[in-house]
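Quick note on labels: first sequence line is chain A, next is B, and so on, each numbered from 1. For clarity, every value in this text was computed on a predicted model and none was experimentally measured.
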There are 2 protein chains.
Amino acid sequence: MATRIDVAKRAGVSPTTVSRVINDNGYVAADVRKRVLEAIEFYHYVPNKFARVLRTRQKKEIACITHSITNPFYGEVVLGIEEVAFQNGYTFSLYNANFHDRDYRRVLEEGFYGGLIVLSPVELSKFVRLEQVKEALPTVVYWDWRGEAPVPAVYVQLQNAMREMVHFLLSQGHREILFLGHDSSQEWENPRLFGYRQAMQEAGLDAEKHVTLIPEWQDSLQTGYTVMKKILQSKQGFTAVAASTDLLAIGAMRALQEAGLRVPADVSVAGVDNLEISALVTPSLTTVHLPKREIGQRLMQLLLQQIQGVSHSLKDIFPYQLMVRESVGAFRPSSSVHPC
Amino acid sequence: MATRIDVAKRAGVSPTTVSRVINDNGYVAADVRKRVLEAIEFYHYVPNKFARVLRTRQKKEIACITHSITNPFYGEVVLGIEEVAFQNGYTFSLYNANFHDRDYRRVLEEGFYGGLIVLSPVELSKFVRLEQVKEALPTVVYWDWRGEAPVPAVYVQLQNAMREMVHFLLSQGHREILFLGHDSSQEWENPRLFGYRQAMQEAGLDAEKHVTLIPEWQDSLQTGYTVMKKILQSKQGFTAVAASTDLLAIGAMRALQEAGLRVPADVSVAGVDNLEISALVTPSLTTVHLPKREIGQRLMQLLLQQIQGVSHSLKDIFPYQLMVRESVGAFRPSSSVHPC
DNA sequence: CGCCTCATAGAAAAAGTTTACATTTTCTTC
DNA sequence: GAAGAAAATGTAAACTTTTTCTATGAGGCG
């Protein structure tokens, strides 16, 4: 690989002058500049990033870490992040924390990246300790839990979103509404679960009877499918399913259909997220739209502020919107999985 | 940030000894090692990656570039890549080529990465010129086109896969089979299209009548949906759809259903890929399984060989497997979109 | 003409690490 | 107990870049 010295030799100048041309600072005569540019072109010379960063300490590379690269929700968030990153001259790379925790911390701490975006910390809590990592580099987080994030964060009103969704199910006459989602822990409180309980209590219903909790945090089609299969064996009676996410909802819907139940005639199903697929399954999924791309954009903006040191942990409140589609129908007395 | 020199001072040794402890090479006495490790712990010292790479030229970081991070096909391939990368002490980051081409080339060429995996070069041909980039760093590619890749590649027998799928549709009695997918160009030949034509010709049918080509290479649910909507307006008659990918198939299926057509009673639909979602939509999709994770693993193995200089452009032939599910039914004389 | 300013360009230091080489200390072995 | 091997540690160069400092010459001005 050609270095700056090769370029300098070919252009008949000193290496310093090449730097000046590249970084466009200091005085350099027009003809000299031209010669240098030609030499750069000749060698296809690109300055060595490692040497440059070693000297300047300016890393225009940011990292994003997520638990599940295959989750389309994060996919869309990432698109938003990228957009803003590139506009600001940053490059962006994505990590998937499926593997060894130690390695990830190492990567993040060895000074490779100028900033870090953590998508949903709960799923990553085994790998990334926000308190530790924020010491090593500017960090922001997509925080979809109740309470305060330990670093600047983008918040979404998931509790209200879920609540509104359950309200809608209630408005359709449903009373036996199954909650399908993740549990809270000592550390983390699941706002979706709170939203569900809130809505049920407001309607004067038992908010615990139909709560089905998924042990490990897994947001996948397969999880929704297998959990619903199990529920159907348990003879639990319900007429609607309020799923934490669209993936869970779609998986659950399939399990219901395989059991010979019609959605929404026999059971209604709704989710939260509004993924692309949700509008294109049959029946199309009633869900709550979350502005994924905007979340990504704001995350990156927040990180830029962090890097520049002007971060005032802004709590962005993003709008959500109920998307009424086919998968929810009005309650009919005859319709119930196992009448109770 | 603490450096090696701080650590050395605290441990009362020379910086060299610290290096030796860290890299575990050369002689170092047990008690000295212990002192050094304590000092490292004290400072939370992590060697600066930039200085290290500058010196050693060993970049244990590889990049993967794709056109569409949200495509679950690539998502699963990436899981396989990651697995092997981590086993070999490499870290891995993902680029999404939605934005400026120049920037990507720059990132790749400035020596940041020790290797590059390109997922499907056609979609990236605007951004990444394999012939150029392979000069800058070891490169391998997932090659899903006819002909030879310009760099070591992992090949999949897509032509045969598609052919087998169309054979299956034919075996179910279908004759008016619509092909839904991407066109070939001067540069690239689409093996799926060839597989379709081959199967149709073998059956003595017109292989061109029902070919519907998607202009830009777009593999998404939305594309399948909108293209099928358009087809339905055109009054073209067919009884089955052979889609290039599962995403296109699922999108198309939805458009058919919205038009009041039953799948598979009125129209059969099949795809290629076997994504997770494909088994969980209703009706579940008949498709051809491709070993995505294995493809990823092999890609990374191939790249490791490239890096070590022992690459003998191995052509991996991966098995595929027809997955018969609900979305294809036997042809019935009465069933046709627009009987012709 | 002497001095100052400004345009231009090179020399050298610095960033933090690895490693070849050099040096000192300790251990074998006859 | 001396010689030579092996173990342990240190010195300094190298990796490539940016940046500060210095040097040279040209032109302007009193």
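The interatomic distance linking Asn25(B) (CG) with dG10(D) (C1') rounds to 15 Å, in whole Å. dT19(D) atom C1' lies 14 Å from atom CD1 of Ile22(A), rounded to whole Å. One atom, CD of Gln58(A), and another, P of dA15(C), lie 17 Å apart when rounded to the nearest Å. Between Arg52(A) atom CZ and dG16(C) atom C1' the separation is 18 Å, expressed in whole Å. Nucleotide dT17(D) holds its C1' atom 13 Å from the CZ atom of Phe50(A), rounded to whole Å. Put simply, NZ on Lys34(B) is 17 Å from P on dA8(D), counting in whole angstrom units. One interatomic measurement links the two molecules: CZ of Arg55(A) to P of dA14(D), which rounds to 20 Å at whole-angstrom precision. Rounded to a whole Å, the CZ atom of Arg33(A) is 14 Å from the P atom of dA7(C).
A close approach under 4.0 Å does not occur between any side-chain nitrogen or oxygen of Asn23(A) and OP1 or OP2 of dT19(D). Between Asn48(A) and dC15(D) there is no side-chain polar atom (N or O) within less than 4.0 angstrom of OP1 or OP2. Tyr27(A) has no side-chain polar atom (N or O) that falls below the 4.0 Å cut-off from OP1 or OP2 of dT8(C). In terms of phosphate contacts, Thr17(A) brings a side-chain nitrogen or oxygen within less than 4.0 Å of OP1 or OP2 of dG10(C). Checking the phosphate oxygens (OP1, OP2) of dG16(C), a side-chain nitrogen or oxygen of Arg57(A) falls inside 4.0 Å.
Checked against Val140(B) for a side chain to side chain contact (heavy atoms under 4.5 Å, CB included), the options Met300(B), Gln301(B), Gln306(B) give a single hit: Gln306(B).
In plain terms, the two heavy atoms of Trp143(B) and Glu148(B) that are nearest each other are CZ2-O, 3.6 Å.
With DNA chain D read from its 5' end, the first of the two nearest nucleotides for Ala51(B) and Ala30(B) is the one closest to Ala30(B). When each of Val32(A) and Leu54(A) is assigned the nucleotide of DNA chain C bearing its nearest heavy atom, the one mapping closer to the 5' terminus is Val32(A). The 5' end of DNA chain D is approached more closely, in terms of each residue's nearest nucleotide, by Ser14(B) than by the other of Ala2(A) and Ser14(B).
Here the side chain of Val13(A) is nearest to one of dG10(D), dG10(C), dT11(D), namely dG10(C).
Interface remark: the Arg20(B) side chain does not form any donor-acceptor pair with the dA8(D) base, using a distance-only criterion of under 3.5 Å. At a cut-off of 3.5 angstrom, counting only N and O atoms as typed in the model, there is no donor on one side facing an acceptor on the other between the side-chain of Thr56(A) and the base of dA15(C). One cannot find a donor-acceptor pair under 3.5 Å joining the base of dT17(C) and the side-chain atoms of Thr3(B).
For the pair Arg20(B) and Tyr27(B), the cation does not sit on the ring face, since its NZ or CZ is not both under 6.0 Å from the ring centre and inside 45° of the axis.
Val28(A) comes within 4.0 angstrom of sugar-phosphate atoms only, judged by non-hydrogen atoms across all strands, and of no base.
A donor-acceptor distance shorter than 3.5 angstrom exists from the side chain of Asp6(A) to the backbone of Thr3(A), with no hydrogens or angles considered.
Ring-plane geometry between Trp145(A) and His182(A) is classed as perpendicular, the angle between the planes exceeding 60 degrees on a 0 to 90 degree scale with a lower cut at 30.
Under the 4.0 Å criterion applied to side-chain N and carboxylate O atoms, Glu38(B) and Lys34(B) are assigned as salt-bridge partners.
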